[in-house]
Amino acid sequence: MYKFLQRKLQWDIHVICYNNGGYYNWHKDEKNSNIFTFNLILNKGNKLKGGDMFFMDENKIIEVKNKNNFMVVFPSYIPHRGVAVSRIC
């Protein structure tokens, strides 16, 4: 564990804005030795429909429903995707 804590800190920032029909296919965030991924969903009001996140772990699919002003933290090696934003009211 001590060697893990001595690692040189590295990070990436990737900003995405989903519009009507926007989505992100299955992928992993393993570049630059990333350890964790943070997805921060910022949305004002209840105008967003869709945008749920799916994670695959040991061949199981886990769904996380989209919520306003919500953050999900997970290991970067976990395959994940964001489903299409189906409607903006």
Side-chain angles (χ1 to χ4, degrees):
M1 178 64 129
Y2 184 68
K3 283 185 179 182
F4 173 77
L5 296 174
Q6 288 184 323
R7 292 173 48 144
K8 180 181 176 189
L9 293 177
Q10 297 180 22
W11 62 87
D12 291 322
I13 297 175
H14 183 75
V15 178
I16 299 174
C17 176
Y18 291 105
N19 291 311
N20 196 17
Y23 65 95
Y24 216 103
N25 278 327
W26 287 106
H27 67 283
K28 298 178 187 179
D29 298 328
E30 292 185 293
K31 55 188 166 181
N32 294 330
S33 302
N34 290 348
I35 298 171
F36 293 104
T37 296
F38 300 78
N39 281 352
L40 177 61
I41 296 90
L42 298 175
N43 187 39
K44 184 177 179 182
N46 293 318
K47 297 179 181 181
L48 181 66
K49 301 291 180 189
D52 299 337
M53 289 177 277
F54 286 83
F55 300 88
M56 187 182 306
D57 189 25
E58 296 183 5
N59 295 321
K60 295 177 188 172
I61 304 285
I62 300 162
E63 180 179 9
V64 175
K65 293 284 189 186
N66 189 17
K67 297 178 185 178
N68 293 342
N69 308 314
F70 182 65
M71 182 165 52
V72 178
V73 180
F74 55 94
S76 297
Y77 64 85
I78 299 281
H80 57 283
R81 72 179 184 120
V83 299
V85 174
S86 59
R87 192 174 116 203
I88 299 176
C89 302

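As the structure is a computational prediction, the values presented were derived from the model and not from experiment.
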Is the OH atom of Tyr23 crowded by more than 12 outside heavy atoms at less than 6.0 Å? no
From CZ (Phe55) to CD1 (Ile78), nearest 0.5 Å: 8.5 Å
The single option from Leu40, Asn39, Val64 that satisfies side chain to side chain contact (heavy atoms under 4.5 Å, CB included) with Phe70 is Val64
Nearest heavy-atom neighbours spanning Gly21 and Ala84: O-CB, 4.1 Å
Which side chain to side chain donor-acceptor pair (under 3.5 Å) pairs, counting each pair once, include a residue from residues 70-84, with sequence neighbours left out? His27-His80, Asp29-His80, Thr37-Ser76
In the single-linkage hydrophobic clustering (I, L, V, M, F, W, Y; side-chain heavy atoms under 4.5 Å), do Phe36 and Met71 co-cluster? yes
Are Met56 and Ile62 in one and the same hydrophobic cluster, where Ile, Leu, Val, Met, Phe, Trp and Tyr link if side-chain heavy atoms are under 4.5 Å apart? no
Residues at least two apart in sequence or cross-chain that pass salt bridge (charged side-chain N to carboxylate O under 4.0 Å, His left out) with Lys60, listed by chain then number, are none
Checking the side chain of Asp52 only, and the main-chain atoms of Val83 only, is there a donor and an acceptor separated by less than 3.5 Å? no
